[in-house]
Amino acid sequence: MGHFMVGMLGFFFLVLLLLAGLALGIVKIVRGNTEGKQDGMLDEEAKIIQELHQELGRMEQRIEALETILLDEQGRKERK
């Protein structure tokens with residue numbers, strides 16, 4: 001009786017794998033038709049990354065300016 005259950009579970013697992021493979025294949029076919037949209041998304045993502053890089057550069061400059069201000073104030077306090 002135990003071997004029968006193991007065999008049934010194995011068969012059930014095999015059927016699930018086949019169904020999952022079929023579903024994956026269908027999804028790939030559907031997504032394959034939208035490759036033009038993906039190129040547009042890649043361009044948009046590149047633009048966003050460039051904007052983030054520019055903003056991070058500006059933020060770095062602001063932080064350096066604040067550090068300079070704080071160090072100058074600290075130096076003035078130490079001299080007094």
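Side-chain atoms are counted along with the backbone in the values below, which use heavy atoms only and exclude waters and symmetry mates.
- From Arg58, atom CZ reaches atom CD of Glu55 across 4.5 Å, with rounding to the nearest 0.5 Å.
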- request: Go through the steps for Asp72 and Thr68 under the test side chain to side chain contact (heavy atoms under 4.5 Å, CB included), then give the verdict.
  value: CA-CA 6 Å; Asp72 285 346; Thr68 302; 3.9 Å; yes
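- Taking CG from Leu56 and CD1 from Ile63, the interatomic distance works out to 9.0 Å, rounded to the nearest 0.5 Å.
- To the nearest 0.5 angstrom, Leu17 atom CG is 12.5 Å from Leu22 atom CG.
- Connectivity analysis of hydrophobic side chains (ILVMFWY, heavy atoms under 4.5 Å, direct or indirect) links Leu52 to Ile48.
- For the side chain to side chain contact (heavy atoms under 4.5 Å, CB included) with Phe12, the lone residue among Leu16, Leu14, Val15 that qualifies is Leu16.
- Rounding to the nearest 0.5 Å places CD1 of Ile49 at 9.5 Å from CG of Leu42.
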